[in-house]
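Just so it is clear, the structure is predicted and the values come from calculations on it, not from any experiment.
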Amino acid sequence: MLSGVLAALAGALCWTLASSVWRRLPTALSASQLNLLKNGLALLLLLPLLGASGAAALWHEPQALLLLAASGVLGIAIGDSLFFAALRRIGTRRTLTLDAGGPAVTALLGMAALAERPNPLQWLGIALITAALWLVAGHDSTSPRSGDWGLGVALALGALACGSGGAVLARAALRSGAIDPLHAAALRLLAAALVLLPLLPSLLRRPQGPRPLRRRWPLGVLATLLGTTAGISLQQTALLHLPGALAVALLATAPVMALPLASLEGDHPGWRGVFAALLGLAGVSCVVA
């Protein structure tokens, strides 16, 4: 269990740092195009690490293969596209805090699909995390004043639902223990990339106009390494060793990790933002107690 806990916390840190980099990346690409780009980069970075024997083992688990592919489409192709769109509208801290509602959604889905029932203390933790979600969803004094706020919250909640559904599907595929987390991550990324592939022609067309003064690809590679290659691999490791709701709850510590980065985006959390993040952390502590 300890390895799953450490993997989840490391994954949360990787995703927090990657989200901050993606948020600050100057680009004219749409959220879906950016998602396709990072999935393609992540696959290129993962391929050298994959062994032929592990990849061949996937074909002997057809049900797990289908579950992982569906997980990639729902959680990565759709969920990450919504996540990127939310990042642009409401910032890293708010998007990640809204995403902290994932444990509650995942717990309910896990009960329905996998018969995984949280104990009373874990339900308390899920309630605290959900309370943090509603705190940050409220229009506090530091919230953006444009009409993008409501849309950003809706996009973040959509990303939460897709991510939770994808996590439950991946957990169902990994329960047998026959599939390596690294291969599971690669399969999910491949499925997501294939679904987004129709966007490739528009991605390859270079927009006309002046080029930026500084190179953008190092930031893109860094964010992909942190959030997609390392983050998703660590997420799969956590899902392998922990029940779905517990793994997602630990991954939801990202809002607390995002607090020190908030000022870099001109985002000043105030007491409400800090309290929401700490409430989420208290909820996570109950979930893993």
Side-chain angles (χ1 to χ4, degrees), residues 6-27 29-47 49 71-100 102 155-156 158-160 162-164 166-167 170 181-182 184-193 195-196 203 216-239 247-248 250-262 264-265:
L6 293 176
L9 291 173
L13 177 60
C14 286
W15 190 241
T16 301
L17 295 173
S19 297
S20 182
V21 175
W22 284 123
R23 160 78 171 166
R24 290 183 289 156
L25 182 69
T27 180
L29 297 178
S30 69
S32 297
Q33 289 173 327
L34 194 60
N35 195 11
L36 173 61
L37 178 63
K38 66 97 174 166
N39 291 338
L41 283 173
L43 277 172
L44 289 176
L45 295 168
L46 269 178
L47 286 177
L49 304 177
S71 171
V73 172
L74 182 61
I76 300 177
I78 302 174
D80 284 3
S81 294
L82 295 173
F83 186 87
F84 283 146
L87 274 180
R88 291 178 173 178
R89 289 166 175 82
I90 59 176
T92 303
R93 177 184 61 84
R94 294 185 186 93
T95 303
L96 288 174
T97 306
L98 284 167
D99 200 49
L155 290 166
L160 181 158
C162 291
S164 298
L182 204 60
L187 180 59
R188 294 184 71 211
L189 285 168
L190 179 60
V195 167
L196 294 170
L203 182 64
R216 293 171 292 182
W217 66 264
L219 286 176
V221 171
L222 175 63
T224 300
L225 274 171
L226 286 171
T228 309
T229 306
I232 292 181
S233 299
L234 289 165
Q235 178 200 50
Q236 301 309 114
T237 302
L239 288 169
V248 174
L250 285 168
L251 290 163
T253 54
V256 179
M257 299 178 184
L259 282 174
L261 303 175
L264 298 177
E265 299 179 5

[atom1]/[X] to [atom2]/[Y] distance, rounded to the nearest 0.5 angstrom?
{"X": "Leu234", "Y": "Leu182", "atom1": "CG", "atom2": "CG", "answer": "10.0 Å"}
{"X": "Leu226", "Y": "Trp15", "atom1": "CG", "atom2": "CH2", "answer": "10.5 Å"}
{"X": "Leu196", "Y": "Leu34", "atom1": "CG", "atom2": "CG", "answer": "11.0 Å"}
{"X": "Leu37", "Y": "Thr224", "atom1": "CG", "atom2": "OG1", "answer": "6.5 Å"}
{"X": "Leu190", "Y": "Arg188", "atom1": "CG", "atom2": "CZ", "answer": "12.5 Å"}
{"X": "Leu46", "Y": "Leu187", "atom1": "CG", "atom2": "CG", "answer": "11.5 Å"}

Which atom of [X] lies closest to which atom of [Y], heavy atoms considered:
{"X": "Ala184", "Y": "Gln236", "value": "CB-NE2, 3.9 Å"}
{"X": "Pro181", "Y": "Ser233", "value": "CB-O, 4.2 Å"}
{"X": "Thr95", "Y": "Ala156", "value": "CG2-CB, 4.4 Å"}
{"X": "Ala230", "Y": "Cys14", "value": "CB-SG, 4.1 Å"}
{"X": "Thr229", "Y": "Leu225", "value": "CB-O, 3.6 Å"}
{"X": "Leu36", "Y": "Ala193", "value": "CD1-O, 3.8 Å"}

Verdict with reasoning, Thr228 to Asp80, per side-chain contact (heavy atoms from CB on, under 4.5 Å):
CA-CA 10 Å; Thr228 309; Asp80 284 3; 5.7 Å; no
Would you say the side chain of Lys38 lies within less than 4.5 Å of the side chain of Ile76, judging by non-hydrogen atoms?
yes
Closer than 3.5 angstrom, by distance alone: can the side chain of Asn39 be matched with the main-chain N or O of Leu189 as a donor-acceptor pair?
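Flag not set: sc Asn39 to bb Leu189 has no pair under 3.5 Å.
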